[in-house]
Amino acid sequence: MEMAQQHQPDLILLDIMMPELDGMEVLKRLRKNPQTREIPVIAVTGMNENREYFLSAGFDDWLGKPIEFEELEEVIRRHI
């Protein structure tokens with residue numbers, strides 16, 4: 001959160017499963033903050049959910065693990 005506010009990245013790749021704060025909660029906080037709410041956020045996960053699940057949760061897109069370079073490049077191009 002702090003880094004996103006400070007650096008204002010063009011795009012955030014956000015892992016869903018993290019030790020202290022999961023990606024869903026981080027996304028909620030990013031969207032509530034006026035400084036970060038417009039930054040595209042891509043879910044990165046090994047979960048067996050589909051793209052619509054993450055889009056309905058507020059992510060701009062998603063990538064499944066293991067990540068294929070071509071797919072990563074395509075997703076980034078769509079959102080930058």
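One is the number of the first residue; the rest follow in order along the sequence.
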### Message
Given 3.5 Å as the limit, does a donor-acceptor pair link the side chain of Q8 with the main chain of A4, or not?
### Response
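Yes, the answer is positive, given that a donor and an acceptor are paired below the 3.5 Å cut-off.
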#### Entry: Side-chain (R31) to main-chain (G58) donor-acceptor, under 3.5 angstrom
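Yes, R31 side chain to G58 backbone: donor-acceptor pair under 3.5 Å.
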To the nearest 0.5 Å, how far apart are [atom1] in [X] and [atom2] in [Y]?
X: E25; Y: E20; atom1: CD; atom2: CD; answer: 13.0 Å
X: I80; Y: D10; atom1: CD1; atom2: CG; answer: 5.0 Å
X: Q5; Y: T36; atom1: CD; atom2: OG1; answer: 6.0 Å
X: L13; Y: I42; atom1: CG; atom2: CD1; answer: 6.5 Å
X: L72; Y: E70; atom1: CG; atom2: CD; answer: 9.5 Å

Heavy-atom neighbours of [X] [atom1] exceed 12 at 6.0 Å:
X: E38; atom1: CD; result: no
X: K28; atom1: NZ; result: no
X: R77; atom1: CZ; result: no

### Task
Verify side-chain contact (heavy atoms from CB on, under 4.5 Å) between E68 and L63, making sure each step is shown before the conclusion.
CA-CA 9 Å; E68 299 290 330; L63 288 166; over 6 Å; no
### Query
Salt bridge check: are D60 and R78 linked by an N-O gap of less than 4.0 Å?
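Salt bridge between D60 and R78, a charged N being under 4.0 Å from a carboxylate O: no.
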### Task
Each residue besides M1 in its hydrophobic cluster should be listed here, by chain and number; the cluster joins Ile, Leu, Val, Met, Phe, Trp and Tyr at side-chain heavy-atom distances under 4.5 Å.
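M1 shares its hydrophobic cluster with I12, L14, I16, M17, M18, L21, M24, V26, L27, L30, I39, V41, M47, Y53, F54, F59, W62.
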